[in-house]
Amino acid sequence: MSSYKPQDIEQKWQKHWADTRAFEVTEDLSKPKFYCLEMFAYPSGHAHVGHVRNYMIGDIMARTMRMRGFNVLHPFGWDAFGLPAENAAIKNNLHPETWTRANIAHMKGQLQRLGISYAWERELATCDAVYYTWNQWLFTRMFEKGLAYRRRSNVNWCESCQTVLANEQVVDGGCWRCGTTVTLRELEQWCLRITAYADELLTAAEGLSQWPEKVLTMQRNWIGRSEGARVRFALPGQVGHWADGHIEVFTTRIDTIYGAMFVMLGPEHPMVEQFAAASPDPAAFRAKAAKFRAQDKSARMTGEVEKEGFDTGRTVTNPFTGQEVPVWVANFVLGDYGTGAVMGVPAHDQRDFEFARKYNLPVRVVVQPEGGTLDGATLTEAYDGDGALVESGEWNGLPWQEANRRMTAEAASRGIGEGTVQYRLKDWGISRQRYWGTPIPIIHCPSCGMVPVPDKDLPVELPKITEFTGRGDSPLAQVPEFVNVPCPKCGTAARRETDTMDTFVDSSWYFFRFCDPHNNDLPFDPKKVAYWGPVDFYSGGVEHAILHLIYSRFFSRVYRDIGLVTIDEPFTRLLTQGMVLRHGAVMSKSKGNVVDPDDMIQQFGADALRLYVMFVAPPEKEVEWTDSGLEGAFRFLNRVWRIADHCTDIVRSAPAVTGLAFDEADRNMRRKTHSTIRRITQDIDPRVHLNTAVAALMELVNELYAYAELRGVRPLGVDDELRASVDRVETAAVLRETLEALVLMLSPFTPHMCEELWAQMGHADGVVAAGWPVCDEDAARDESVEIPVQVNGRLRARLTVPADSRPEANIALALASPEVQKWTDGKQIVKVIHARIEQPISIVVKG
RNA sequence: GCGGAAGUGGCGGAAUUGGCAGACGCGCUAGCCUCAGGAGCUAGUCCUAGCAAUAGGGUGGAGGUUCGAGUCCUCUCUUCCGCACCA
């Protein structure tokens, strides 16, 4: 009897997989493909158990699908650009690349020690020039199509990271990475026109049936589609000359325009400065507006800010009523949403209502609920419910929804506005004033303007620089030989762009690169992506719900529109895995509560760790780490090992099950084996209930022990003798069938141990060659069934009947049984329900 | 405020379509085995009453639909997550 020594076994098989290139794949049209991907990793240093849970989930899927005959692509790589490397460089005087490569090496070792079945020959790191050159290539295509453009705008600035952040990267008013409060800066900045795809991204989200509803909701909210109208309010004396003097507002409720008693400008609105310049005291005017603009940065942090505004002293004409209304500047009007100006309808918008009450502006009710008598003078809150128009001239009496449609059309026909769709989603600012990222391949020429670097000159390589200061200007601007270049068009002295790209650019298409990672002519061969794409199973953290996952959907469409891919959506099925907590908190180095997988591997082996993490909860759920749970998994593996090892010789010499005459115990064991096969097959795919799959295997092992006990072949403990034989050939066959199925089904979870046992059982070719076990429906079928019997909804008896018995016979049997008669005696039987054998018998009595 | 998800034993969690609530594991209890056990094996473990058979109660709370509800409907409480002045 050999005891279970995971460390030896695991090293042996990891080496075997590497030596035989076991997980490397090529396109093979004769097999169905399965592209299994986990979000690649930022090489931060050490992976903890929370990180690797995701890779384990993917690995179970990949290994299972391989056994089911799929051609499985399961690659891994590194999201290797980014600020921490640069910060580490500043702190430790290490080059970002040195730091990054060392971390990659360590983390790769961790993943290999866990036995994750990656096609390592496809490994990529986004900081490799052979990767980021294609960021530059794609950027150039986008520039040509007008999808990449430069504009001067207020951008989110993180003082600590010394760089710009995209809107999506601002969380609660702070930097998504370090939490520092974000300020606004006006900068020239490169943007990608994701808004061109806003509508498609929104509509297509409806078709993502295998994504979690939560993620889709977040994406919908983020895109924020809103149907409404733009309406122009003319400055006095400007009627008919809209272009010269008007304020355009965006509203979703044009039907309430008769109640628009004022117009509000956001403090960033260009007309604010015009009004200030023409006002009696321009300095005071500007100061008030500037105060509001300054509020904005902290407004989000503190939550509610007091609604404030000031009268500009100017008026505009309400285009529907002809009434002159005052123009105010209001701090709660956002400069970058809609037109940056709104009409104030206090009776029907709560914010406008509060504003009007505060500054004693008039309130006019123009929508009345049925039989309602709302009065602007006494209203205590805005009314936004159903109703019909009043005080609205020719529109009176119309339900507001209808008025909304008709008044939008009216505005368009009169040239004073038009229906429009507004999105909350903004273009994606990708300029970063840092070093460790992809250089933006543009050259600024004094005579030709912005000229993309010709494809033949790509990549624009990051120059090696040695000093990192962390100052806010781009480090690349400090490298004259990088900056000073001739214009590719006219040859005159020009300056290279010194911003680098947001690292989310890197991660927005890496899943395509994995299909063809060594291509030197294109980002990837379209034929290879046509074979592998889209990703069939993608798993990662929910924190990427609106960043990475929306950018990737955007980039897939860009690649589609330049003709390299034919699919719209990159990820067919998405699983967002839960985090691993310890002491109730997310694992993090700063909290000192990380569990290093290597420590656990050393104690219990990678297989036990994998099994425990998969068993403890469904993949989507967050879990609390417990050492005792891991010990339980280890105990289970020992149990499997002992019985498999104990029976090795029996199994090796046992016949197959065909043609044997089995007794009842044999048949019960076989039934359990085959029903387990059926159940686990479903549990892994499509259900991805990996925890119940493990539970089912534990049940099978429990039953196997009981069977072995009955047949006198149960292992007793440490000092067991190896059993060479068993007296019944049927027993041997059943043991073989059960153990083989068990080892194969367990192998995606604990691959090392199972490969070892499989080999020990006399199979030279490994578990993938053996294939996934198939459920024999005849063997799985129940011979008898226990039917619960209820009387008036209460369980009163159980009936054991043959599985093929007829329902009427069962009902008769139930009614005749003493346990049932105890409750039906002297009562009138109203009805009995039992149509199928799987259905309990339900007897209803009266009296 | 809006949107989403979820509330089941001492704990993690099971329960595909409305059909025996608590699978499986952890922990705990008892027994066996052992020089020993932080090993292994066997049995027990939702609550209440009872020696027991058994009876009653039980899936956050209150109603409802149904022969039958953890599951469906209405209301409500709590927790977590996301968005948050988006006109």
Side-chain angles (χ1 to χ4, degrees), chain A residues 3 171-172 212-218 220-222 224-226 228 249-253 256 264 266 299-300 303-305 307 330-334 336-345 348-352 354-355 422-425 542-543 545-546 611-612 615-618 620-633 635-636 638-639 642 679 682-683 686-687 689 691-702 705-706 709 714-720 786-795 797-798 830-834 836 838-845:
Chain A
S3 63
V171 178
D172 292 334
E213 195 51 45
K214 177 194 174 89
V215 173
L216 293 176
T217 304
M218 285 167 73
R220 272 184 222 116
N221 291 343
W222 190 261
R225 181 189 151 100
S226 167
V249 303
F250 173 72
T251 177
T252 55
R253 290 294 302 273
T256 64
M264 290 174 286
R300 290 206 170 86
E304 278 296 303
V305 217
K307 286 177 183 48
N331 64 344
F332 65 93
V333 177
L334 304 174
D336 59 356
Y337 180 77
T339 62
V342 298
M343 61 185 202
V345 185
H348 305 292
D349 181 285
Q350 186 59 24
R351 294 157 301 183
D352 299 349
E354 289 168 25
F355 195 78
Q422 189 65 46
Y423 295 95
R424 212 185 73 115
L425 181 72
V542 72
E543 67 272 17
I546 48 175
L611 188 77
Y612 163 61
F615 174 63
V616 69
E620 298 83 351
K621 253 194 103 137
E622 58 180 37
V623 296
E624 173 73 23
W625 174 268
T626 61
D627 290 337
S628 56
L630 176 57
E631 284 162 30
R635 230 170 0 238
F636 170 74
N638 271 292
R639 216 163 128 77
R642 266 198 313 277
R679 177 175 164 188
Q682 293 295 306
D683 272 355
R687 299 182 75 201
H689 286 202
N691 56 327
T692 57
V694 176
L697 289 169
M698 289 173 167
E699 282 185 51
L700 180 62
V701 170
N702 290 343
Y705 264 78
E709 166 91 33
R714 178 169 69 72
L716 293 172
V718 241
D719 299 322
D720 283 330
E786 198 180 61
I787 306 176
V789 184
Q790 296 179 350
V791 180
N792 282 356
R794 328 210 42 147
L795 182 69
R798 293 163 203 277
V830 180
K831 92 172 128 167
V832 181
I833 296 148
H834 177 65
R836 327 176 301 272
E838 303 81 24
Q839 191 180 39
I841 297 173
S842 188
I843 301 166
V844 186
V845 297

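Each chain gets a letter, A, B and so on, in the order the sequences are listed, and its residues count up from 1. In what follows, every heavy atom counts, from backbone to side chain, and hydrogens, waters and symmetry copies are set aside.
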Requested in this report: Would you kindly give the CD-to-C1' distance between A/Glu622 and B/A6, to the nearest whole Å?
Outcome: 11 Å
Query - Watson-Crick and G-U pairing of RNA chain B written in dot-bracket, each distance under 3.5 angstrom, with | for inter-strand partners - result: (((((((..(((......[....)))((((((.......))))))((((....))))..(((((..]....))))))))))))....
Query raised in the report: So, does the side chain of A/Gln839 form a donor-acceptor pair with the base of B/G19 at under 3.5 Å?
Result: yes
Query raised in the report: Hey, are A/Asn221 and A/Arg424 close enough side-chain-wise for a donor-acceptor pair under 3.5 Å?
Result: no
Query raised in the report: RNA chain B: A/Asp683 or A/Asp349, which has the more 5' nearest nucleotide?
Result: A/Asp683
Query - Rounded distance (Å) that lies between atom C1' of B/A87 and atom CD of A/Gln422 - result: 10 Å
Report task. Report the distance from atom CG of A/Asn638 to atom C1' of B/C41, rounded to the nearest whole Å. Result -> 14 Å
Report task. Establish, with yes or no, whether the OP1 or OP2 oxygen of B/C24 is under 4.0 angstrom from a side-chain nitrogen or oxygen of A/Asn691. Result -> no
Query raised in the report: In whole Å, what separates the P atom of B/C11 from that of B/G64?
Result: 31 Å
Query raised in the report: Just to confirm, is there a sub-4.0 Å distance from OP1 or OP2 of B/C41 to any side-chain nitrogen or oxygen of A/Arg639?
Result: yes
Query raised in the report: Taking the same atom, P, in B/G13 and in B/G7, what whole-Å distance lies between them?
Result: 10 Å
Requested in this report: Can you tell me, in whole Å, how much space there is between the P of B/G44 and that of B/A23?
Outcome: 12 Å
Report task. Using only side-chain N and O atoms of A/Asn702, determine if any of them is under 4.0 Å from OP1 or OP2 of B/G25. Result -> yes
Report task. For B/U59 versus B/G70, give the span between their C1' atoms, rounded off to a whole number of Å. Result -> 5 Å
Query - For atom CE of A/Met698 and atom P of B/C24, their distance in whole Å - result: 11 Å
Requested in this report: For the side chain of A/Met218, starting at C-beta, report the closest nucleotide among B/A87, B/G19, B/G82.
Outcome: B/G82
Query raised in the report: Contact class for A/Asp352 vs. all strands (heavy atom < 4.0 Å): base, sugar-phosphate, or nothing?
Result: nothing
Query - Rounded P spacing from B/G56 to B/G60 in Å - result: 23 Å
**Report entry** Separation between the P atoms of B/C2 and B/U76, rounded to whole Å
**Finding:** 12 Å
Under-3.5 Å N/O pairs linking protein and nucleotides 26-28 of chain B:
from: B/C26; atom 1: OP1; to: A/Arg635; atom 2: NE; distance (Å): 3.3
from: B/C26; atom 1: OP1; to: A/Arg635; atom 2: NH2; distance (Å): 2.7
from: B/C26; atom 1: O2'; to: A/Ser628; atom 2: OG; distance (Å): 3.0
from: B/G27; atom 1: OP2; to: A/Arg635; atom 2: NH2; distance (Å): 3.2

Requested in this report: Describe the nucleic acid contact of A/Ile833 in one word from base, sugar-phosphate, nothing, applying a heavy-atom distance below 4.0 Å.
Outcome: base
Report summary line: Here the distance between atom C1' of B/G25 and atom CG of A/Asp627, to the nearest Å, is 15 Å
Could you go through nucleotides 29-34 of chain B and list every protein N or O atom that sits under 3.5 Å from one of its N or O atoms, giving the distance for each pair?
none

Query raised in the report: Taking the side chain of A/Val616 as heavy atoms from C-beta outward, which of B/G12, B/G19, B/A84 is closest to it?
Result: B/G12
Query raised in the report: Is a salt bridge present between A/Glu620 and A/Lys214, judged by a nitrogen-to-oxygen distance below 4.0 Å?
Result: no
Query - Between B/U54 and B/G37 - P atom distance, rounded Å - result: 39 Å
Query raised in the report: When we call it a touch if two heavy atoms are under 4.0 Å apart, what does A/Asn792 touch: a base, just sugar-phosphate, or nothing?
Result: nothing
Requested in this report: If the glycosidic angle is within 90 degrees of 0 it's syn, otherwise anti, so just tell me which one B/G9 is.
Outcome: syn
Query raised in the report: Which part of the nucleic acid does A/Pro212 contact within heavy-atom distance under 4.0 Å: base, sugar-phosphate only, or nothing?
Result: nothing
Query raised in the report: At under 4.0 Å between heavy atoms, what does A/Gln350 touch on the DNA or RNA strands: base, sugar-phosphate, or nothing?
Result: nothing
**Report entry** Check: A/Thr626 main-chain N/O paired with A/Tyr612 side-chain donor or acceptor under 3.5 Å
**Finding:** yes
**Report entry** Nucleotide B/A87, atom C1' - distance to NZ of A/Lys307 in whole Å
**Finding:** 12 Å
Report task. Report yes if at least one side-chain N or O of A/Tyr612 is closer than 4.0 Å to OP1 or OP2 of B/G25; otherwise report no. Result -> no
Query raised in the report: Looking at B/G13, B/C24, B/C85, which one has an atom nearest to any side-chain atom of A/Ala695?
Result: B/C24
Report task. Look at the side-chain N and O atoms of A/Arg642 and state whether any lies under 4.0 Å from the OP1 or OP2 oxygen of B/A39. Result -> no
Report summary line: A/Phe250 has its side chain closest, among B/C41, B/A87, B/G25, to B/A87
Query raised in the report: Is the charged tip of A/Lys307 near the ring of A/Phe355: under 6.0 Å from the six-membered ring centre and within 45° of its axis?
Result: no
Report task. Return the value, rounded to whole Å, for the distance between atom CZ of A/Arg687 and atom C1' of B/U17. Result -> 12 Å
Report summary line: Winner on side-chain proximity to A/Lys831, out of B/G19, B/C67, B/A15, is B/C67
Query raised in the report: Rounded to the nearest Å, what distance is computed from the CZ atom of residue A/Arg836 to the C1' atom of nucleotide B/G18?
Result: 10 Å
Report task. Using the C1' atoms only, state how far B/U48 lies from B/G58, rounded to an integer number of Å. Result -> 11 Å
Report task. Please check the phosphate of B/G19 (OP1 and OP2 only) for any side-chain N or O of A/His834 closer than 4.0 Å. Result -> no
Query raised in the report: RNA chain B: A/Arg794 or A/Ala617, which has the more 5' nearest nucleotide?
Result: A/Ala617
**Report entry** Backbone of A/Val845 reached by a side-chain donor or acceptor of A/Asn792 within 3.5 Å
**Finding:** yes
**Report entry** Side chain of A/Lys214 - closest among B/G19, B/G4, B/C41
**Finding:** B/G4
